[in-house]
Structures are given as C-alpha cells and as structure tokens.
Amino acid sequence: MLFMVEMDVNIPLGFDADEAARLKAAEKARFQELQAAGTWRHIWRVVGRYANVSIFDVADNAALHDLLTTLPLFPFMTMRVTALCRHPSSAHDDDR
Ligand SMILES: O=C(O)CC1=CCC(=O)O1
C-alpha cells in the first residue's frame, strides 16, 4: 500500500546540538536503509521549511505506524498521512 507522509521537523531551540546531529544522522541512515529496501520510495524537501513529503510502500496501516513511530526524529515530527492508490490513467504498474 502506498502512503504520502508529510513530515514537519521541529527541534526545539536550545536542544543539545550534538544530540540533534546524532538524531539527524540516525534518521538519514534509517532513511537510506528503507530507501534501498523500496519501502521509502520518494522524498522531497518542502521549499522554505524543515519539512519533507515522502511516499512509503508498506503492507498496511499498522506497518506504516510502526515504521514512522520508530524513526529517530519521530519525537520531533508532526506527520500527516494520506493513503494513496493507483490512478487509472497512471502508466506506472507498480503504483498500488
Ligand atoms: O530532513 C528531514 O526532512 C527529515 C528526514 C527524513 C529522512 C531524512 O533523512 O531526513
């Protein structure tokens, strides 16, 4: 199942800079694992914000919930999830 996830990152002012850097590096490493696995299909930066729009391909709602809530930056992110399905005009057979 495909989902669009909009993620806004809000690390509070004054948060420990080394810990923030560690969390960002861990987030990137987790992203790269999930991208290589085909689970985190796409990511775009939202211009002008510390935010991204991502496309996930997971088994079901529970799998997405488990994945998102274990991301290193999860405690600092606000997420909005939109379920997607293949558009009948799409040329991409793997959009499902
Ligand atoms: O920078 C972000 O938007 C948060 C993030 C998600 C995956 C990643 O590498 O950073």
Side-chain angles (χ1 to χ4, degrees):
M1 295 174 67
L2 294 176
F3 293 90
M4 176 179 71
V5 182
E6 297 165 81
M7 304 181 192
D8 280 82
V9 185
N10 297 290
I11 298 176
L13 281 176
F15 188 79
D16 183 80
D18 290 342
E19 179 61 3
R22 190 191 68 76
L23 289 168
K24 288 178 190 178
E27 181 82 16
K28 183 175 181 178
R30 183 68 177 132
F31 163 73
Q32 288 173 332
E33 285 174 5
L34 292 166
Q35 185 181 47
T39 304
W40 197 327
R41 277 211 201 173
H42 300 284
I43 187 169
W44 291 272
R45 177 62 78 215
V46 179
V47 174
R49 287 169 34 205
Y50 189 3
N52 72 72
V53 174
S54 291
I55 303 295
F56 286 86
D57 186 358
V58 294
D60 54 26
N61 292 9
L64 182 67
H65 182 79
D66 289 347
L67 188 161
L68 295 178
T69 56
T70 56
L71 291 175
L73 284 175
F74 176 76
F76 303 101
M77 292 200 282
T78 302
M79 300 193 187
R80 191 166 71 165
V81 175
T82 304
L84 305 173
C85 65
R86 186 175 182 280
H87 191 284
S89 301
S90 173
H92 301 281
D93 289 339
D94 59 347
D95 284 352
R96 65 186 90 232

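Note that ligands are numbered from 1 as they come in the structure, with each ligand's atoms numbered from 1 the same way. Please read these numbers as outputs of a predicted model, since none were measured by experiment.
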Among all protein heavy atoms, pick the one closest to [atom] and tell me residue, atom and distance.
| atom | value |
| --- | --- |
| atom 9 (O) of ligand 1 | Lys28 CA, 3.5 Å |
| atom 4 (C) of ligand 1 | Asn52 ND2, 3.7 Å |
| atom 2 (C) of ligand 1 | Arg45 NH1, 3.4 Å |
| atom 5 (C) of ligand 1 | Glu27 CG, 3.7 Å |

> Going by the angle between their ring planes, with limits at 30° and 60°, are Phe56 and Trp40 parallel, tilted or perpendicular?
Replying inline: tilted
>> Against ligand 1, does Ile43 come closer than 4.0 Å with any heavy atom?
In response: yes
>> So for Met7, does at least one of its heavy atoms come nearer than 4.0 angstrom to any atom of ligand 1?
In response: no
Is there a path of hydrophobic side-chain contacts, each under 4.5 Å between heavy atoms of I, L, V, M, F, W or Y residues, that connects [X] with [Y]?
| X | Y | answer |
| --- | --- | --- |
| Trp44 | Met7 | no |
| Met4 | Leu71 | no |
| Val58 | Phe74 | yes |

> Distance from Ile11 atom CD1 to Glu19 atom CD, nearest 0.5 Å?
Replying inline: 9.5 Å
> What are the two closest non-hydrogen atoms of Phe3 and Leu84, and how far apart are they?
Replying inline: C-CD1, 4.0 Å
> Near Tyr50, which atoms of ligand 1 are under 4.0 Å from a heavy atom of that residue?
Replying inline: 1 (O), 2 (C)
> What part of Trp40, side chain, backbone, both or neither, has a heavy atom within less than 4.0 angstrom of ligand 1?
Replying inline: side chain
